[in-house]
Amino acid sequence: MDNREVRSLLKKYRMGTLDKKERATLESWYLVQAKRDATIGDKELHRNLNRIRQAITNGNGRSRSLFSTLRWCAAAAAAIIAVTAWLMHEVSTEVPDSRIGVQNDILPGGQKAVLKLADGSMINLNGAQGGIMISDDGVRYADGKPVLTGAAPTEALQLTTPKGGIYQVTLSDGTRVWLNAASTLNYPARFDEGRRVVTLDGEAFFEVTKGQTPFIVRTTAQDVTVLGTVFNVSAYGDEPVGRTTLIEGKVKVRGHTSGQEVMLTVGEEAAVSPDRIEKREVDADLAVAWKSGNFRFEETGVKEVMKQLGRWYDVEVEYRGAIPEKYVYGIIKRDRTLSAVLALLEEGGIKVEIDQTGDRPKMVVLPD
Amino acid sequence: MKVSGPYRTYADAALVSLLTRGDHEAFTEIYNRYGELLYRHAHRILGDIDACNDVVQDVFLSIWAKHEQLNIHGALATYLYKAVRNKVFDHISHERVAERYADTIRSVVEEGLVMPDERMREKELLTIIEREKAKLPPRTRKVYELNREHDLSYKEIGLQLNVSEKTVKKQVHNALRIIRLKISSLLSLFLFLF
């Protein structure tokens, strides 16, 4: 078969005059192609899915897509693109993102935390630094600059992030912990012989160094025990269920109230409620998206979405009427301003107003 | 950013029934449910992002444009996949695009990969659909499993829609009657013109 025969085959398809054998060829080609191993990046996929979603929602007329039309005007396009790029460059250097849109827009969270020592004194940690660690002569920032010098502290320390804060701490055994917003980690400057225990209120991501002794994360509802592994614990006081998601290694989760214990393997999550622990397979990326700087929603209800936004942007949430019964799917970068994020939700039919009239800003969610 | 409403728990057949009655939210839910699957499928076949966008967009625009006349026997997934296949064929048979796929079409013949039996090809397509659904992340996959029923009984559609079985039956019959009337009036108009 040569190219000419292929072209005539396709022409016959257009005319609707394919015979059985020719149809068999075309459909078989389709099946062979369908079994190829072509992958497409998630970001690109969702970007295009969103584009199409907009086109089919608004499109009553059939826009013969922009995409193929652009390709047609190859020569003109080159010129257009060059001019556009120049224009966009001019525009983008003049107007930083946060100034577009709402006046007094609400900025996203950043690196902020407070370290409280055993004697009660508190140190506001430097936002330019992302993390701290214990050293022989005190506490230092990740780059070595001192937070506190003198003898190495031997007692209990407490790291707290405010709403809108995120911070990292390296413990004395080398374990690294990333604290999400509105969270508190209590940990000893030096671990006891026999075991390593920390307590958590809020959410943190742990990279526990392999040790001789078990490492235990204690929250109000559960104990998570590991030897050396990577996992995320979400235990906010305002959530009914505490979740532990395993990224690497093995952990044991024990519910305080139920007394139940489960072992997790990679890709599993334990959801701890007072009466039991539920184990299930999850997309771990979802649970730790916050650490990579993203909100990630997968069939997430409006209430939970608002809670996460509230914690990161440090705003209260109010519902004017019934909570809309909607479920969100998507990835949003956490460095956007609040109005940018709300604009995205609005596209999906979730309307939220920002009310700055009181002494604290709040989001008002409108009913369906 | 995809947002689903209460329709996300509805069975495919229920969504189709709502769609044919002009429910745009059901249409959006169908896109939310199958968009990614179809897109990935189209991408495996065509390899070209622009082409995929055209194909998937066209499939859904067509479905909305003719939602009143839609006649979907069997599974929604199969219908959608075949719609994509048709648009793919439409796409590759355009003069300026044909070149790109000529080699692969030729090799299917040369390597003896042509399946002459139509029923076997159909079966193969269904297998591919199942395999692709299985490749999705667990939570999304569950939605497909819940909706695997090909012919949802009237009773089940009713339960999903909180409507009595009799009402569903009546509505379907009404819809069919309207369609029949429309077709016959269209035909008589047609005949009149000629």
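Quick note: numbers below take in every heavy atom, side chains included, and nothing from hydrogens, waters or symmetry partners. Below, chains carry the letters A, B, ... as their sequence lines are ordered, and counting in each starts from 1.
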Do any N or O atoms from the side chain of B:R106 and from the backbone of A:V6 form a donor-acceptor pair under 3.5 angstrom? no
Engaged part of A:E44 at the chain B interface, taking heavy atoms whose separation is under 4.5 Å: side chain
At a heavy-atom separation under 4.5 Å, does B:P6 approach chain A through its side chain, its backbone, both, or neither? both
Part of A:R7 within contact of chain B (heavy atom distance under 4.5 Å): side chain
Would you mind telling me which of B:R85, B:R121, B:E124 makes a side chain to side chain contact (heavy atoms under 4.5 Å, CB included) with A:Y30? B:R85
Would you indicate whether the side-chain heavy atoms of A:T57 and B:H24 approach each other to under 4.5 Å? yes
B:V108 versus chain A, heavy atoms under 4.5 Å apart: side chain, backbone, both or neither? side chain
Heavy-atom contact with chain B under 4.5 Å, split by part of A:V32: side chain
Could you tell me which portion of A:D42 (side chain, backbone, both or neither) has an atom closer than 4.5 angstrom to a non-hydrogen atom of chain B? side chain
Tell me, side chain or backbone of B:D117 under 4.5 Å from chain A's heavy atoms, or both, or neither? neither
Flag the pair A:N3 / B:E99 as yes when at least one side-chain heavy-atom distance between them is below 4.5 Å, and no otherwise. yes
A side-chain contact here means heavy atoms from C-beta on lying under 4.5 Å apart; do B:E36 and A:Y329 qualify? no
So do the side chains of A:I40 and B:Y39 get within less than 4.5 Å of each other, counting heavy atoms only? yes
Is it the backbone or the side chain of B:I128 that comes under 4.5 Å from a heavy atom of chain A, or both, or neither? side chain
Shortest non-hydrogen separation from A:A24 to B:P116 and the atoms involved: CB-CA, 4.1 Å
Please rank A:G348, A:A34, A:G330 by heavy-atom pairs under 4.5 Å with chain B and give me the top one. A:A34
Pick from A:E347, A:H46, A:K35 with the largest number of heavy-atom pairs that fall under 4.5 Å of chain B: A:K35
Tell me, side chain or backbone of A:E27 under 4.5 Å from chain B's heavy atoms, or both, or neither? both
Closest non-hydrogen atoms of B:L46 and A:R36, given as atom of the first, atom of the second and distance, are C-NH2, 4.5 Å
Please determine whether the number of non-hydrogen atoms from other residues, nucleotides or ligands lying under 6.0 Å from atom CD of A:E304 exceeds 12. yes
Could you look at A:D2 and say if it's the side chain, the backbone, both or neither that has a heavy atom under 4.5 Å from chain B? backbone
Is it the backbone or the side chain of B:H43 that comes under 4.5 Å from a heavy atom of chain A, or both, or neither? both
From A:K326 NZ over to B:R8 CZ, what is the distance, rounded to the nearest 0.5 angstrom? 12.5 Å
Looking at A:V328, A:L344, A:L345, which one has more heavy-atom pairs under 4.5 Å with chain B than the rest? A:V328
Sort out for me which of B:T104, B:L113, B:L125 touches chain A most, counting heavy-atom pairs under 4.5 Å. B:T104
Is B:M120 atom CE crowded by more than 12 heavy atoms from other residues, nucleotides or ligands, each under 6.0 Å away? no
B:V59, part contacting chain A, at a heavy-atom distance under 4.5 Å: neither
Calculate, to the nearest 0.5 Å, the distance between atoms NZ and CD belonging to B:K2 and A:E299 respectively. 8.5 Å
For the residue pair B:I92 and A:L10, what are the closest heavy atoms and their distance? O-CD1, 3.5 Å
Closest non-hydrogen atom pair, B:S93 against A:Y13: OG-CD2, 3.7 Å
Please walk me through it: do A:L49 and B:Y31 pass side chain to side chain contact (heavy atoms under 4.5 Å, CB included)? CA-CA 9 Å; A:L49 283 176; B:Y31 178 74; 3.4 Å; yes
Can you find a pair of side-chain heavy atoms, one from B:I45 and one from A:W29, that are under 4.5 Å apart? yes
To the nearest 0.5 Å, tell me how far B:N53 CG sits from A:R51 CZ. 6.0 Å
Could you tell me which portion of B:T28 (side chain, backbone, both or neither) has an atom closer than 4.5 angstrom to a non-hydrogen atom of chain A? neither
Below 4.5 Å from any heavy atom of chain A, which atoms of B:F89 appear? Answer side chain, backbone, both or neither. both
Measure A:T300 against the heavy atoms of chain B and call it side chain, backbone, both or neither at under 4.5 Å. neither
Say whether, by atom type as modelled, one donor and one acceptor occur between the side chain of A:S28 and the main chain of B:M115 under 3.5 angstrom. yes
Residue B:I63 versus chain A: region with a heavy atom under 4.5 Å: neither
